[in-house]
2 protein chains.
Amino acid sequence: MSPAPEDVTPERLRTIPSRLLAGAAAAGDRLVNERLAAEGARKWHFAVLVALAETGPASQSELSRRTGVYRSDMVAVLNELAEGGYLVRDPDPVDRRRNVITLTPAGRDRLRQLDALVTTAQQDLLAPLSPAERAELTRLLTLLDTRHRPPHEGGHA
Amino acid sequence: MSPAPEDVTPERLRTIPSRLLAGAAAAGDRLVNERLAAEGARKWHFAVLVALAETGPASQSELSRRTGVYRSDMVAVLNELAEGGYLVRDPDPVDRRRNVITLTPAGRDRLRQLDALVTTAQQDLLAPLSPAERAELTRLLTLLDTRHRPPHEGGHA
DNA sequence: GACGAACGTTTGTGGCGCTAACGATTGCGC
DNA sequence: GCGCAATCGTTAGCGCCACAAACGTTCGTC
């Protein structure tokens with residue numbers, strides 16, 4: 001026990017890293033969401049489109065692992081994207097438990113559109129920082145993220 | 001099958017600052033919450049206790065501004081803390097619209113207890129970083145936070 | 001005395017992370 | 001072959017959190 005009577009630092013709340021992180025993350029989410037919402041999209045839509053564009057057609061559970069969206073919630077996201085004609089969901093002939101999700105040309109266009117919005121949102125978010133500071137922040141956050149990863153999804157390509 | 005030249009970089013999802021921020025913030029929140037939950041508390045309880053300890057008795061709306069908890073949600077938080085005997089809620093004699101929230105001795109003890117938990121959680125969160133990196137991260141996050149503040153609540157105390 | 005604003009409170013909404021369960025299918029051990 | 005555990009997509013639901021809307025009370029001001 002360390003019995004310090006008046007131990008509370010002034011401005012204590014503003015110095016707690018997890019609170020600072022939460023605040024900055026909220027600001028980033030707000031920026032991204034309001035821009036995507038203007039086009040009727042949410043960040044998950046973007047994440048799924050990126051994942052599909054990066055490595056081609058994939059199953060839902062693979063998309064779930066790569067984007068961080070839960071398989072339960074992935075269903076609705078894919079429904080919405082399919083309604084917009086941005087992707088198609090076909091049963092996998094080689095494994096009939098799975099669906100094969102494939103990006104359509106419209107989906108590629110949509111991705112380019114949303115990507116532009118997300119990119120400018122990032123610039124606005126990081127506007128208070130110099131280029132060197134942005135790079136350093138990104139580096140530090142990547143360190144934290146890779147170190148504090150949820151259990152599964154380890155190594156393979 | 002090869003995508004367009006202007007297309008997405010591999011690992012694009014892992015390089016988006018708002019996503020990195022969200023991931024790190026989630027890790028921090030998870031660490032803090034699971035420790036506080038072990039004592040039957042949540043981070044709002046801690047935030048309110050800190051605010052009260054820093055500047056003494058305050059009204060609910062003032063606590064709301066200082067902690068970032070919405071006035072609507074503040075009600076329940078104060079109810080829970082009052083049930084535990086950590087603070088008392090009295091009508092303000094000089095302005096009968098307000099309540100004066102006052103920390104009890106038990107509240108001070110509770111604060112010390114929770115503060116210890118939160119502090120170790122911060123250490124675990126920042127464990128992957130060197131002391132210099134932790135300071136730099138805190139500095140950068142503070143810059144982002146102060147620059148991206150919600151509208152109201154400008155300067156004075 | 002009327003009016004607009006602030007305060008505390010209740011109620012509701014939507015996003016998000018996560019759990020539980022279920023039917024269909026698969027691969028594995030035997 | 002056959003049973004069994006695991007995987008996949010899906011539905012339903014919970015809890016936390018940020019936030020909006022509305023209401024009665026009270027204050028300040030005119």
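In the text below, chain A, chain B and the rest are named by the order of the sequence lines, each starting its count at 1. Note that these values count all heavy atoms, side chains included, but never hydrogens, waters or copies made by symmetry.
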Subject >> Check: L20(B) and I16(B) side chains under 4.5 Å, non-hydrogen atoms >> reply: no
Original post:
The side chain of R89(A) lies closest to which of these nucleotides: dT10(D), dC17(D), dC8(D)?
Top reply: dT10(D)
Subject >> Closest nucleotide among dC27(D), dC8(D), dC16(D) to the R97(B) side chain >> reply: dC27(D)
Original post:
Which heavy-atom pair separates L141(A) from A24(B) by the least distance, and what is that distance?
Top reply: CD2-CB, 4.0 Å
Original post:
First contact, last contact: which nucleotides of DNA chain C are these for chain A, 5' to 3', heavy-atom distance under 4.0 Å?
Top reply: dC16(C) to dT26(C)
Original post:
Taking only N and O in the side chain of Y70(B), is any of them less than 4.0 Å away from OP1 or OP2 of dC17(D)?
Top reply: no
d([atom1], [X]; [atom2], [N]) in whole Å:
| X | N | atom1 | atom2 | value |
| --- | --- | --- | --- | --- |
| N33(B) | dC14(D) | CG | P | 21 Å |
| R65(A) | dG9(D) | CZ | C1' | 13 Å |
| R98(A) | dT7(D) | CZ | C1' | 8 Å |
| D73(B) | dA20(D) | CG | C1' | 11 Å |
| D95(B) | dT25(D) | CG | C1' | 11 Å |
| D29(B) | dC16(D) | CG | P | 13 Å |
| R19(A) | dA18(D) | CZ | C1' | 14 Å |
| H45(B) | dC17(D) | NE2 | C1' | 13 Å |

Original post:
Just wondering, more than 12 heavy atoms not from R147(A) lying within 6.0 Å of its CZ?
Top reply: no
**OP:** Remember a base hit wins even if backbone is also touched, and classify R71(B) as base, sugar-phosphate or nothing at under 4.0 Å, heavy atoms.
**Re:** base
Original post:
Which part of the nucleic acid, if any, lies within contact of S59(A), taking any heavy atom under 4.0 Å across all strands shown: a base, the sugar-phosphate backbone alone, or nothing?
Top reply: sugar-phosphate
Check: [Y] main-chain N/O paired with [X] side-chain donor or acceptor under 3.5 Å:
| X | Y | result |
| --- | --- | --- |
| T138(B) | R134(B) | yes |
| H45(A) | R42(A) | yes |
| Q122(B) | S18(A) | yes |

Subject >> First of R42(A) and D92(A) reached from the 5' end of DNA chain C, by closest nucleotide >> reply: R42(A)
Original post:
L78(B) pairs by side-chain contact (heavy atoms from CB on, under 4.5 Å) with which of V48(B), N99(B), D73(B)?
Top reply: V48(B)
